[in-house]
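Read the numbers this way: they start at 1 and go in the same order the structure lists the ligands and their atoms.
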Amino acid sequence: MKYYILFGPPGAGKGTQAAPMAQRYNLRHISTGALLRAEIAAGTALGKEAAVLIEKGCLVPDEVVEGMIESAFNAEKEAAGFILDGFPRTVSQARDLDALLARRGESLTAVVSLIIPDSVVKERIAGRAAIEGRADDAKPEVIENRIRTYHEKTEPLIAYYKETGKYHEVPAEGTIEEVGARINELVDRL
Ligand code: AMP
């Protein structure tokens with residue numbers, strides 16, 4: 001199985017780019033944010049617990065997202081692999097992912113890292129708020145907290161993955177098609 005991580009700050013275009021990438025390479029797209037929003041919409045206990053944190057722009061506990069990732073891996077029978085979008089988001093999640101893959105006799109294929117400045121991130125999130133209606137996209141202080149959380153807790157993963165030799169950067173400014181073409185060119189080469 002192939003295991004790709006689509007990495008980048010909130011608003012980098014991970015969800016947007018994961019869909020065509022999944023189709024092109026027969027991969028299952030797993031977005032922990034989308035799975036959490038589905039739990040919230042279904043009104044589950046997990047969703048209620050997560051909603052409080054998501055609405056503030058904070059991360060939910062590692063165990064919660066890791067449980068969802070493992071279930072998604074176990075449920076998949078047909079795809080050639082996975083695109084992880086929004087996971088891992090902390091070094092401890094990355095370590096736990098390595099351990100989970102090792103238990104399955106698998107390993108990470110590559111990290112595709114979308115590179116984009118904070119100023120563009122803010123514009124994109126503001127644009128998305130009007131279209132998708134995500135509560136965590138609407139409030140400037142929540143957006144700020146998500147960007148801060150990204151720099152503090154998620155960005156250290158870049159150094160973690162550079163060590164593995166599996167880390168690849170893709171400039172994420174430009175149109176959806178332009179960024180998609182850069183991703184395809186990279187994945188075809190890998
Ligand atoms: P996203 O759709 O990836 O922007 O995620 C939306 C929100 O869900 C984040 O701001 C976090 O509150 C939560 N979330 C998603 N993925 C994770 C993760 N891997 N670890 C912790 N919290 C997460």
Side-chain angles (χ1 to χ4, degrees), residues 3-19 21-22 27-73 82-101 108 111-118 120-158 160-161 172 176 179 183:
Y3 293 85
Y4 293 97
I5 294 172
L6 200 49
F7 184 84
K14 300 187 293 294
T16 304
Q17 294 298 338
M21 185 177 165
L27 303 167
R28 180 71 59 208
H29 172 201
I30 308 178
S31 157
T32 42
L35 291 172
L36 289 166
R37 285 188 286 280
E39 294 280 342
I40 294 171
T44 64
L46 190 156
K48 289 191 177 115
E49 191 196 321
V52 181
L53 294 162
I54 292 175
E55 279 161 20
K56 288 193 281 196
C58 299
L59 296 181
V60 307
D62 289 352
E63 315 80 79
V64 171
V65 283
E66 288 169 9
M68 295 193 312
I69 290 283
E70 187 160 12
S71 305
F73 284 172
F82 300 91
I83 304 172
L84 305 183
D85 155 11
F87 178 89
R89 246 179 167 98
T90 62
V91 171
S92 72
Q93 288 179 14
R95 292 211 178 94
D96 291 341
L97 174 64
D98 285 345
L100 172 62
L101 292 178
L108 193 65
V111 178
V112 178
S113 178
L114 300 178
I115 302 297
I116 189 156
D118 285 358
V120 181
V121 157
K122 285 180 202 164
E123 278 168 31
R124 284 199 185 166
I125 294 179
R128 185 172 69 181
I131 300 165
E132 293 183 14
R134 275 176 55 171
D136 61 345
D137 281 346
K139 293 195 191 124
E141 67 274 20
V142 175
I143 297 170
E144 285 297 336
N145 192 30
R146 284 159 63 205
I147 294 172
R148 194 166 49 241
T149 303
Y150 169 78
H151 288 303
E152 280 172 18
K153 303 203 168 138
T154 308
E155 213 166 34
L157 284 176
I158 294 177
Y160 179 89
Y161 284 120
I176 293 173
V179 179
I183 294 174

Main-chain N/O of [Y] paired to [X] side chain as donor or acceptor, under 3.5 Å:
{"X": "Lys14", "Y": "Phe7", "value": "no"}
{"X": "Asp85", "Y": "His29", "value": "no"}
{"X": "Glu66", "Y": "Leu97", "value": "no"}
{"X": "Arg146", "Y": "Ile143", "value": "no"}
{"X": "Thr149", "Y": "Cys58", "value": "no"}

**Prompt:** For ligand 1, what is the set of protein residues having any non-hydrogen atom at a distance below 4.0 Å?
**Reply:** Thr32, Gly33, Leu36, Arg37, Ile54, Cys58, Leu59, Val60, Val65, Gly86, Phe87, Arg89, Gln93, Arg134, Asp136
**Asked** Which pairs, with at least one residue in residues 120-129 and sequence neighbours excluded, count as a side chain to side chain donor-acceptor pair (under 3.5 Å)?
**Response** Lys122-Glu144, Arg128-Asp137
